[in-house]
**Q** 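Dumping the structure here so I can ask a few things about it.
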2 protein chains.
Amino acid sequence: MKNDSLSQKNTTRPTHHLPHLTRNQQAVLAVLRQQSDALSAQELYGVLREQQAIGLATVYRALETLKLQGLVQSRSGTNGEALHSPIEQDRHYLTCLHCGQSFLLDHCPVHDLAVQVHLSVPFKIYYHTLEFFGLCEPCTHQRS
Amino acid sequence: MKNDSLSQKNTTRPTHHLPHLTRNQQAVLAVLRQQSDALSAQELYGVLREQQAIGLATVYRALETLKLQGLVQSRSGTNGEALHSPIEQDRHYLTCLHCGQSFLLDHCPVHDLAVQVHLSVPFKIYYHTLEFFGLCEPCTHQRS
DNA sequence: GGTATTATGAGAATGATTATCATTCGCTTA
DNA sequence: TAAGCGAATGATAATCATTCTCATAATACC
Ligand SMILES: [Mn+2]
Ligand SMILES: [Mn+2]
Ligand SMILES: [Zn+2]
Ligand SMILES: [Zn+2]
């Protein structure tokens, strides 16, 4: 019962340099990666609970850890809650101030420049957020 | 008593096209314009109360109106609260995920591109938000 | 093993933003 | 100038995402 190959109790194989991810942190990352779009912590919590037992506080803590690790990025949703997604994702939106609708931008204008960003201070950039606000066509008409 | 030059009871001179601003909305805009950096609704509320009587709800409603009017812009602060500033302002930051410190970018990389943004849908852009996240020099060292 | 350290969860606490709703204001019209 | 009416206001309650507490469990380290 020591050498059992069943119990994958090992949360992570003790590599050396990077802080390892716990079972929960891995689960959070896995869910984010299999989702097509960003999730709020609450939504993430809901999805995770269908697969395993986990506390809400743990989800929040995992997200924080994953961000520090450069594995996850977050942006603020229209309603204020934070939306999380794997660091690979590079999407941005146009959001209407009147109806709240968001339109996905077909290309990130910053991605290229990112590196060129003239920094006055040494800083290691992990990701960026970019969003445009204004009025969608229909809303420019409506009064009020 | 009609031509009194004292009572500036007129909230706005009835121009024609744009919806006029109420006294309170003007006050909110005025404060934002005289501030060097973005303010949260709560801070704005505090400043305003020193000058006049106004309700917190009104501050929130004024900000919403001013945004629809293209006079004010908002972004999300690190702690979640929304920060507001006059539309003219075009500042962006580098924010450290570890210590939370923010560094003002000396130049907006998007401003130029803004117009070029390839839109798949007709949309009238009022403003944009842009922020970089990562680790500041000191924080890249510290363990944890 | 045996202890020090970190992670976890349940639930309370916090705090910004919204929703209510009764009252007041401002403009139009008679 | 007075009455009418819809928008604006403000005090307050309600929401709700996120954080904090603290006792317990898991894991690392020797
Ligand atoms: Mn991008
Ligand atoms: Mn800009
Ligand atoms: Zn719209
Ligand atoms: Zn830092």
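In the text below, chain A, chain B and the rest are named by the order of the sequence lines, each starting its count at 1.
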**Q** Could you go step by step and tell me if A:His92 and A:His128 meet the ring-ring contact (aromatic ring centres under 6.0 Å, His included) rule?
**A** CA-CA 10 Å; A:His92 305 289; A:His128 63 262; 5.0 Å; yes
**Q** Between B:Leu21 and B:Ile54, is there shared hydrophobic-cluster membership here, with clusters defined by ILVMFWY side-chain heavy atoms closer than 4.5 Å?
**A** yes
**Q** Is it true that B:Ile125 and A:Phe103 fall in one hydrophobic cluster, defined by side-chain heavy atoms closer than 4.5 Å?
**A** yes
**Q** What is the separation between atom CG on B:Leu66 and atom P on D:dA8, rounded to the nearest whole Å?
**A** 12 Å
**Q** Tell me if the aromatic rings of A:Tyr127 and B:Phe133 count as close, with their centers under 6.0 Å from one another.
**A** yes
**Q** Could you run through nucleotides 7-20 of chain C and give me one letter per nucleotide, 5' to 3': B if any protein heavy atom sits under 4.0 Å from the base, S if only the sugar-phosphate is that close, - if neither?
**A** SBBB-----SBBBB
**Q** Using side chain to side chain donor-acceptor pair (under 3.5 Å) as the criterion, point out the one residue from B:Arg49, B:Gln42, B:Glu43 that pairs with B:Tyr45.
**A** B:Arg49
**Q** Can you tell me the distance, in whole Å, between the CG atom of B:Leu68 and the P atom of D:dA8?
**A** 12 Å
**Q** What is the distance from CZ of A:Arg75 to P of D:dA17, rounded to the nearest Å?
**A** 16 Å
